[in-house]
Number of protein chains: 2
Amino acid sequence: MSDTNPVPIRERTRRLAQTELTAVAQDLFAAQGYDNTTVDQIAAAAGMSKRTFFRYFPSKDDLVIGKYDLFADRMAEALDARPKNEPVWESLRRMFDITLDYVQDEHQRARSEAMDAIVRSTPQLYARYLEKMQRVQELLIGRIAVRLNDDEHDPSDPRPAAIVGAAFACMQAARHAWFASDRSEAFGSYLDDAMATLKIDRASRMTAIAT
Amino acid sequence: MSDTNPVPIRERTRRLAQTELTAVAQDLFAAQGYDNTTVDQIAAAAGMSKRTFFRYFPSKDDLVIGKYDLFADRMAEALDARPKNEPVWESLRRMFDITLDYVQDEHQRARSEAMDAIVRSTPQLYARYLEKMQRVQELLIGRIAVRLNDDEHDPSDPRPAAIVGAAFACMQAARHAWFASDRSEAFGSYLDDAMATLKIDRASRMTAIAT
DNA sequence: CCCTTCCTGACACTTGGTGTCAATATCGCG
DNA sequence: CGCGATATTGACACCAAGTGTCAGGAAGGG
């Protein structure tokens, strides 16, 4: 059961090294802050040279925010799984359910939350985080555009981007609110609450933009 | 009329140098790209040393995106100028009117638009742009919270952040759509269109978050 | 004219990140 | 087991963005 593995050995050792690096780095960041920790220190603490570190991560930033790349595909997948005739706002809400699992898992959360604190308190990382989220949104905009009108995506129609952006704004708002709360309420209800304040007006686009 | 000036001489020469640097840098960026242009080159082209450049701008990035800092106060000001009983969505829409002036001004636009293209095509700058916009939003969230319920801002209420974030998402969407269009329609109508697709449900917050 | 103050350039240094290359470890195969 | 191909690694040199320091020079006020 160990041959013809879908994940070759090379790739597994690689991931192991990345996990190791991440764990070591997290300790250092917690102890002395992100900016005050050099790549040399991280590499040395993991028993390798700086050059080798950069073979596992394209940048110091990516060690922290690289994992967010996985979100993009998972979200697109989750959105595609929703019925085509479902209201888009509801589809987006259900799509966000996959982020709930992330937060709900008790022993994963501590690790993830510590990294989150680092991201939010380091402007440089927060900026890159926002950019990644923007890229995720771009993936989804095309899909939402198709649901709004069955023809192809008209790039001069601002509505799909507005809707997706608004949905993400709700998720961000819910995240912040939940972090600021005592966590007695489930994150999901914050998300419901945030998304309930905005309704999509399906009869819009009357302010003529004659294409 | 030149003494006891509200803007002292030192500050004026400083701004002049910044403008000069920006103009020179813009040419270089347009010619060879942002990443391929070093600070040394910009400084040399403006007749100064690298060290002096960093006395005028805290970083290479700030030369491009530094001007967005002005937006924060201008927007907060514009929002404060709206009547308190006006629906918040309308207030936010009117607040964005100040961005229209920026885009409308014919001879300012060419310069501003070139810089905008650089920002959007350089991930690093785009990330910092998004972060700045996020900071602007944080300024406004408190004000919107006060309008929603007259007591002080409850940080575990996601609605103000959701609304402000959604409004900015609409502006971003309108910007992108307008840039992708042939610009025959006014930018304002794109903004109207984007913001009209989302309506605020004032009777929300029924999904009890008992504070 | 001098004295103070600010501005500037030169220099050295740190850190993130990359190219190169030789040494070494690993893998597949006979 | 041994051998050649391939991948991984570390050492070194290098570049670019910033930052600290310091001495010299320009501007301004008396």
Side-chain angles (χ1 to χ4, degrees), chain A residues 2-22 24-25 28-29 31-66 118-119 122-128 131, chain B residues 2-5 7-22 24-25 28-29 31-66 118-119 122-125 127-128 131:
Chain A
S2 65
D3 61 350
T4 67
N5 235 334
V7 179
I9 306 105
R10 286 270 155 78
E11 185 59 24
R12 261 187 298 166
T13 62
R14 179 180 174 78
R15 299 224 181 128
L16 206 69
Q18 285 176 334
T19 314
E20 165 76 5
L21 241 4
T22 305
V24 165
L28 287 170
F29 292 158
Q32 47 183 338
Y34 179 82
D35 287 325
N36 295 327
T37 306
T38 68
V39 175
D40 273 311
Q41 287 175 350
I42 301 169
M48 61 178 68
S49 73
K50 184 184 75 166
R51 194 68 187 83
T52 305
F53 172 95
F54 283 111
R55 288 198 185 92
Y56 286 112
F57 293 102
S59 76
K60 185 179 159 189
D61 291 355
D62 278 85
L63 183 145
V64 180
I65 59 164
I118 294 171
V119 172
T122 310
Q124 185 191 146
L125 290 178
Y126 191 50
R128 290 211 50 185
E131 195 225 336
Chain B
S2 65
D3 61 350
T4 67
N5 233 335
V7 179
I9 309 105
R10 286 274 153 75
E11 184 59 23
R12 259 187 300 166
T13 61
R14 178 181 174 78
R15 299 223 183 128
L16 205 70
Q18 284 176 335
T19 315
E20 165 75 7
L21 241 4
T22 305
V24 165
L28 287 171
F29 292 158
Q32 46 182 344
Y34 179 80
D35 287 324
N36 295 327
T37 305
T38 69
V39 174
D40 273 311
Q41 287 175 349
I42 301 169
M48 60 178 68
S49 72
K50 186 183 74 168
R51 194 64 186 85
T52 305
F53 172 94
F54 283 111
R55 287 196 185 92
Y56 287 111
F57 293 101
S59 76
K60 186 179 158 189
D61 291 356
D62 278 85
L63 183 144
V64 180
I65 58 163
I118 294 171
V119 172
T122 310
Q124 184 190 148
L125 290 178
R128 289 210 52 185
E131 196 225 333

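Letters go in sequence order (proteins before strands), and every chain restarts at 1.
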Separation of atom [atom1] in [X] from atom [atom2] in [N], rounded to whole Å:
| X | N | atom1 | atom2 | value |
| --- | --- | --- | --- | --- |
| A:Asp62 | C:dG17 | CG | C1' | 12 Å |
| B:Gln124 | C:dG16 | CD | P | 15 Å |
| A:Leu125 | C:dG16 | CG | C1' | 13 Å |
| B:Gln18 | C:dC7 | CD | P | 12 Å |
| A:Leu63 | C:dG17 | CG | C1' | 15 Å |
| A:Asp61 | C:dG16 | CG | C1' | 10 Å |

Examine distances only and state if a side-chain atom of A:Tyr34 and a backbone atom of A:Asp61 form a donor-acceptor pair shorter than 3.5 Å.
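A pair under 3.5 Å: yes.
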Partner residues of A:Thr37 under the side chain to side chain contact (heavy atoms under 4.5 Å, CB included) criterion, sequence neighbours left out:
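With neighbours one apart ignored, the set is A:Leu28, A:Phe29, A:Gln32, A:Gln41, A:Ile42.
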Checking B:Phe57 now: which residues fulfil ring pair (Phe, Tyr, Trp, His ring centres under 6.0 Å) with it, not counting sequence neighbours?
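Partners of B:Phe57 by the ring pair (Phe, Tyr, Trp, His ring centres under 6.0 Å) criterion, ordered by chain and then number, come out as B:Phe53.
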Can you sort out the partners of A:Phe54 under ring pair (Phe, Tyr, Trp, His ring centres under 6.0 Å), two or more places apart, ordered by chain and number?
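Checked A:Phe54 against ring pair (Phe, Tyr, Trp, His ring centres under 6.0 Å); zero matches.
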Footprint string (nucleotides 8-17 of chain D, 5' to 3'): B base within contact, S backbone only, - free, heavy atoms under 4.0 Å:
SBBB----SS
Chi angles and distances behind the side-chain contact (heavy atoms from CB on, under 4.5 Å) call for B:Leu21, B:Met48:
CA-CA 10 Å; B:Leu21 241 4; B:Met48 60 178 68; 3.8 Å; yes
Can you run down the side-chain hydrogen bond (donor to acceptor under 3.5 Å, both in side chains) pairs that involve residues 49-59 of chain A, sequence neighbours left out, and say none if there aren't any?
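For residues 49-59 of chain A: A:Ser49-A:Thr52, A:Ser59-A:Asp62.
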